Amino acid sequence: MESSKGYFSKVYRIVSTIPPGKVATYGQIAALLGDARGARTVGWALHCNPFPGLVPCHRVVNQRGELSGGFAFGGQERQRSLLEREGVSFLPDGRVDLKRHLWRPGG
DNA sequence: GGACTGACACTGG
DNA sequence: ACCAGTGCCAGTC
């Protein structure tokens with residue numbers, strides 16, 4: 001974990017702290033890292049996600065509640081299925097209801 | 001050291 | 001609320 005890429009490891013750690021049934025935005029994770037402007041780097045770190053299963057990247061969505069592309073876990077449907085199984089609700093638009101499932105650190 | 005890339009966020013219209 | 005443009009950061013070539 002604590003490899004040369006400390007930044008990445010931090011991302012994986014924070015993402016792994018996201019409880020089931022909740023979703024966090026890249027900006028939120030970046031803010032926890034201390035770099036609210038590093039939202040892009042966070043997404044990239046998840047792309048490099050060397051530990052799928054250990055890092056629930058499927059719980060990480062963008063500010064709009066949209067899931068990642070179709071290359072994440074084998075398709076958006078795969079990601080959506082995982083979230084639905086955890087109790088996450090989806091809007092008719094296919095987006096996550098951040099109003100109900102937005103992860104609140106400390107809350 | 002410089003340039004390009006990438007699963008984003010913010011601001012303005 | 002949405003779309004388009006801009007800025008940020010770390011990693012790789």
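It should be emphasised that the depicted structure is a prediction, and the values quoted were computed from it without experimental measurement. In what follows, chains are A, B, ... by sequence order, proteins preceding strands, each numbered from 1.
Residues A:T41 and A:N62 each lie close to DNA chain B; by heavy-atom proximity, the contact nearer the 5' end of the strand is made by A:T41. Taking the nucleotide of DNA chain C with the nearest heavy atom to each of A:F8 and A:R40, the more 5' of the two is matched to A:R40.
Here the C1' atom of nucleotide B:dA9 and the CG atom of A:L32 are 15 Å apart, to the nearest Å. Following rounding to the nearest Å, A:Q28 (CD) and B:dC10 (C1') show an atom-to-atom distance of 16 Å. C:dG11 atom P lies 12 Å from atom NZ of A:K10, rounded to whole Å. In this structure, A:L98 atom CG and C:dA1 atom C1' are separated by 14 Å, rounded to whole Å. For the pair A:Q63 CD and C:dC2 P, the interatomic distance rounds to 13 Å; values are reported in whole Å. Between A:D35 atom CG and C:dA10 atom C1' there is a gap of 10 Å when expressed in whole angstrom units. Across the protein-nucleic acid pair, A:Y7 atom OH and C:dG11 atom P stand 9 Å apart, rounded to whole Å. Per the geometry, NZ belonging to A:K99 stands 12 Å off C1' belonging to C:dA1, to the nearest Å.
Note on A:R95: every side-chain N or O is 4.0 Å or more away from OP1 and OP2 of C:dA1.
With a 4.5 Å cut-off on side-chain heavy atoms, A:Y12 and A:T17 do not count as touching. Between A:H58 and A:L83 there is a side-chain heavy-atom pair separated by less than 4.5 Å. Contact of the A:T25 side chain with the A:W103 side chain is not registered, since no non-hydrogen atoms from C-beta on lie closer than 4.5 Å. Contact check for A:V61 versus A:L98: side-chain heavy atoms found under the 4.5 Å cut-off.
Side chain of A:R59 to backbone of A:I18: a donor-acceptor contact under 3.5 angstrom is found. Using modelled atom types, one side-chain atom of A:D97 and one backbone atom of A:K99 make a donor-acceptor pair closer than 3.5 Å. Between the A:N62 side chain and the A:R64 main chain, a donor and an acceptor come within less than 3.5 Å of each other.
Set against B:dA9, B:dA7, C:dC9, the side chain of A:A39 has B:dA9 as its closest nucleotide. Comparing atom distances between the A:L46 side chain and each of C:dA10, B:dA7, B:dC10 picks out B:dA7 as nearest.
Contact of A:Y26 with B:dA9 (side chain to base): no donor-acceptor pair of N or O atoms is detected under 3.5 Å.
Taking a pair as Watson-Crick or G-U wobble with both distances under 3.5 Å, the runs of three or more consecutive pairs in DNA chain C are B:2-6 with C:9-13, B:8-13 with C:2-7.
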